[in-house]
Trainee: 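The structure is given below, and queries will be raised subsequently.
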Amino acid sequence: MLEAIRDALDVMMARDPRVVVFGEDVGYFGGVFRATEGLQRKYGPSRCFDTPISETGIVGVAVGMGAYGLRPVAEIQFADYMYPGYDQIVSEAARLRYRSAGEFTAPIVVRMPCGGGIFGGQTHSQSPEALFTHVCGLKTVIPSNPHDAKGLLIAAIEDEDPVIFLEPKRVYNGPFNGHHDQPVVPWSRHPLGEVPDGHYAIPLGQAALRREGAAVTVLAYGTMVHVAEAAVEETGVDAEILDLRSLVPLDVEAIERSVKKTGRCVILHEATRTSGFGAELSAQVQERCFHHLEAPILRVTGWDTPYPHAQEWDYFPGPERVGRALRAVLEG
Amino acid sequence: MTEWGPLSLHVPEPPVRPGGTPDFHHLSIPQAGAVRRPPVDVPAHEIHDLAYSIIRVLNRRGEAVGPWDPGLDAEALKAGLRALLKTRAYDARMMMAQRQGKTSFYMPCTGEEAVACGFQTALAKGDMNFPTYRQQGLLIAQDWPLVDMMCQVFSNERDRLLGRQLPVLYSVREAGFFSVSGNLTTQFVQAVGWAMASAISGDTRVAAAWVGEGSTAESDFHAALVFASVYRPPVILNVVNNQWAISSFQGIAGGESATFAARAHGYGIPSMRVDGNDYLAVHAAACWAVARARRNLGPTLIEWVTYRAGAHSTSDDPSRYRPREESDAWPLGDPIERLKNHLIVLGAWSEERHTQLRAEIEDEVLAAAREAEAHGTLHDGPKPSTAAVFEGVYAEMPRHLREQRQEMGV
């Protein structure tokens, strides 16, 4: 998936001279995860460069560059480091179009690796998507595989609005289904590891159907899509899995269609439960599908604690917990 | 207990509070003309002294003296005087409008008009200011229509911001006036980003960042200076030190320990302090900094030493936290009086013409207010459309906002 992200940046930098890429260690070194490797060499230091360790500054200058007319793609090294830049995202990027009645806009992309599964402890494992989905004026995107990552990132860069692009770092180098004791599978052995050459965009706001099923709808995104697939396979439950891909805008039609068909819904995310995006999904399903529901909506999420280090696999909502929820919702 | 005794916390206090005699002894003011004018390509470390002095041009007799005299002709000076008077009259009219209930809120810049008005004349078309809420002079100095500004203050049907923004948080792209946020200092680092974009694009335009001394305490200020120091973009970093941040004197922002201009030293950014009530000094220093930016020599930080003669906004009463007489005791005087006296000394102006001009401007402002009011005020007359609430959150309205608009019934 890293190659797909790099490819998307490369494609866009080649197509559009307004695209500039920057962040901590992003230039010469190519980023700590190597998502920007080779871009500075190819496009020069004024289009791909290192920044001071200041998320306030990174997002703040991105807003100014966007207002000027560039298409900045800023990298926050870990989503967990985003908070100093949060004011610039929430109070500035998200509202600039509105407050200036369209005179100024911030067509920026803020990329940030998120999620756990790499023994990153509480400062390198967070999934803060709900902190962005709650903010009007932002779009929040989270791919689960290389094919989508490239198409969604291209769409995000071409979008006229600020887009938060969350990259589940545990699936950078291969799909991860939560079975941490099994060998890592590379993306080359996964159908969605196939990334077309050149330019293609996946419109923001369209969920992808990962598995058709009749018994229950599973709403997931990012790493949890793969966990859902493993849980479905292991339990034998005929579940329909929707990969949301974009949280705002949200594909409510796809959700509604599926839940009305299955009558049951399980919602997955790695982030903490209280006020997590699952709460919004649950409310949407209840508002739109109440008369079709045959069981309470269940959520499987990270616990409401900081992300622990040594107890990572006790915290991570793996296939066993998801499987239990699938069975429970069928019995309900 | 150690041999040093117990510790105690230093909490800065202004020299006087209400009831006391105004005291500006802490402010050391050099003679007009006394500060040298270095070439624009001077290295930052060679002008550290300029951050601890004050560049001044107009002396007590109203003469322009010393190396910073910009040599403006009488017409340019009269245009400057007109901008200052118009800004003051505009503020007075809008303060009154707020008291009459025509708007919810207003913020005057009384006493510090010369900073924005003098600065704007150094910029060229296409340059971009990232102002705070107290730089209305940037618009007025370029003759931006007062009616347009007033319609924003009144949040009426002609409000170019569709009623969404608090009064005075203007946005006028075509006048090089970036949308004022209302959150402090956020725009400071954005100006640096805009200037970086100009440099990346091989453009010739420059940016001007604005902040008050109080909000230099925000981390965005530090971020802006770091990025300006690293990438050397064409930006002028303006710190308007008007001595007061609502009720907190400049010492609460760290002004006791060093000047705000001296903040730039740690970043290797050339900086200076300038008499912000001296129109000629403002214009000259602004031209110096803009020339540096235009010649790709990088950023300049300027601390404009001035005094907020009015309230912070219509929501506070300054006599509650500082002596009423403090404004009259301000040692750098009033910018309008000083420029007027200079024109009189030059033989290009008189008290009579001044009185006449003031009356003309007051009429002009009143006429503009009447025209703006005809388009509605906050609680009376035509208003911005209710449907506009849902527009412009995104470039295209997403489904959930369309649904919410229907729910509202518009």
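Just so you know, these numbers come straight off a predicted model, no measurement behind them. Order of the sequence lines sets the chain letters (A, B, ...), proteins ahead of strands, with each chain counted from 1.
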Trainee: Sort out for me which of B:D220, B:L169, B:V192 touches chain A most, counting heavy-atom pairs under 4.5 Å.
Mentor: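 Counting heavy-atom pairs under 4.5 Å, the top option is B:D220.
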Trainee: Would you say A:E92's side chain and B:Q187's backbone share a donor-acceptor pair under 3.5 angstrom?
Mentor: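 No; zero donor-acceptor contacts below 3.5 Å.
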Trainee: Taking all heavy atoms of B:F178 and all of A:R99, pick out the closest pair and write down the distance.
Mentor: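 Taking every non-hydrogen atom into account, CE2-NH2, 3.7 Å.
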Trainee: Can you pull out the residues in residues 381-390 of chain B with any heavy atom less than 4.5 Å from chain A?
Mentor: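 So the qualifying residues are B:A388, B:V389.
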Trainee: Which one wins on heavy-atom pair count under 4.5 Å against chain A: B:P233, B:A223, B:A195, B:S198?
Mentor: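 Counting heavy-atom pairs under 4.5 Å, the top option is B:S198.
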Trainee: Tell me the closest heavy-atom pair linking A:R97 and B:R164, and the distance in Å.
Mentor: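 Reported closest heavy-atom pair: O-NH1, 4.4 Å.
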Trainee: If I compare all heavy atoms of A:G60 with all of B:V189, which pair ends up nearest, and what's the gap?
Mentor: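 The answer is CA-CG1, 3.7 Å.
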Trainee: Check B:Y231 against A:P52 and note the closest heavy-atom contact, atom names and distance.
Mentor: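 Reported closest heavy-atom pair: OH-CD, 3.6 Å.
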Trainee: Suppose a student defines contact as a heavy atom less than 4.5 Å from any heavy atom of chain B. Which residues in residues 65-77 of chain A would they list?
Mentor: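 Listed by number, the contacting residues are A:M65, A:A67, A:Y68, A:L70.
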Trainee: With a 4.5 angstrom heavy-atom cut-off, could you sort out which part of A:V20 is near chain B: side chain, backbone, both or neither?
Mentor: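 A:V20 touches chain B through side-chain heavy atoms alone.
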Trainee: Just jot down the ring-ring contact (aromatic ring centres under 6.0 Å, His included) partners of B:F221, sequence neighbours excluded, or say none.
Mentor: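 Checked B:F221 against ring-ring contact (aromatic ring centres under 6.0 Å, His included); matches are B:F188.
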Trainee: Quick check on B:E403 against chain A: is it the side chain, the backbone, both or neither that has a heavy atom closer than 4.5 Å?
Mentor: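 For B:E403, the contact with chain A is made by the side chain alone.
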Trainee: Quick one: which residues of residues 100-110 of chain A reach chain B at under 4.5 angstrom, heavy atoms only?
Mentor: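 If one takes a 4.5 Å heavy-atom cut-off, the residues of residues 100-110 of chain A near chain B are A:S100, A:A101, A:E103, A:F104.
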Trainee: With rounding to the nearest 0.5 angstrom, report the OG to CZ distance, B:S201 to A:R18.
Mentor: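 B:S201 atom OG to A:R18 atom CZ measures 10.5 Å (nearest 0.5 Å).
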Trainee: If you define the side chain from C-beta out and look only at heavy atoms, does anything of B:M196 sit under 4.5 Å from A:F49?
Mentor: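 In contact.
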Trainee: Might you confirm whether atom OH of A:Y28 has over 12 heavy atoms from other residues, nucleotides or ligands at distances under 6.0 Å?
Mentor: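 Counting other residues, nucleotides and ligands, OH of A:Y28 stays at 12 neighbours or fewer.
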Trainee: Do B:Q190 and A:Q88 come close enough that some side-chain heavy atom pair is under 4.5 Å?
Mentor: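 B:Q190 vs A:Q88: side chains touch.
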Trainee: Is chain A contacted by the side chain of B:V230, its backbone, both, or neither, given a heavy-atom distance below 4.5 Å?
Mentor: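 It is the side chain, since no backbone atom gets that close.
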Trainee: Hey, which of B:R399, B:Q165, B:E174 has the most heavy atom pairs under 4.5 Å with chain A?
Mentor: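 Ranked by contacts with chain A, first place is B:R399.
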Trainee: Between A:V252, A:T51, A:D161, which residue shows the highest count of heavy-atom pairs closer than 4.5 Å to chain B?
Mentor: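 Between A:V252, A:T51, A:D161, the count favours A:D161.
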Trainee: Would you say that more than 12 heavy atoms from the other residues, nucleotides or ligands in this model lie under 6.0 Å from the CG of A:L209, or not?
Mentor: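 Buried by this count: over 12 neighbours within 6.0 Å.
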Trainee: Does B:Y394 offer a backbone N or O that forms a donor-acceptor pair with the side chain of A:Y98 under 3.5 Å?
Mentor: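 Absent.
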Trainee: So what's closer than 4.5 Å to chain B heavy atoms on A:L250: side chain, backbone, both or neither?
Mentor: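 Neither part, no heavy atoms under 4.5 Å.
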Trainee: Could you tell me which portion of A:V90 (side chain, backbone, both or neither) has an atom closer than 4.5 angstrom to a non-hydrogen atom of chain B?
Mentor: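 For A:V90, neither part sits under 4.5 Å from chain B.
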Trainee: Please look at B:R160 and chain A and tell me whether the side chain, the backbone, both or neither of the residue comes under 4.5 angstrom of a heavy atom of that chain.
Mentor: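 The answer is both parts of B:R160.
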Trainee: Taking side chain as everything from C-beta outward and backbone as N, CA, C, O, which of these in A:D251 sits under 4.5 Å from a heavy atom of chain B? Side chain, backbone, both or neither.
Mentor: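 For A:D251, no heavy atom lies under 4.5 Å from chain B.
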Trainee: Counting only heavy atoms not in A:R41, do more than 12 sit closer than 6.0 Å to its CZ atom?
Mentor: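 For A:R41, atom CZ is not crowded (no more than 12 foreign heavy atoms under 6.0 Å).
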Trainee: Should we say atom NE2 of B:H400 is surrounded by more than 12 heavy atoms from elsewhere, each under 6.0 Å from it?
Mentor: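 Yes, enclosed.
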Trainee: Write down the atom of A:I58, the atom of B:F227, and the distance for their closest heavy-atom approach.
Mentor: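 Taking A:I58 first and B:F227 second, the nearest heavy atoms are N-CZ, 3.6 Å.
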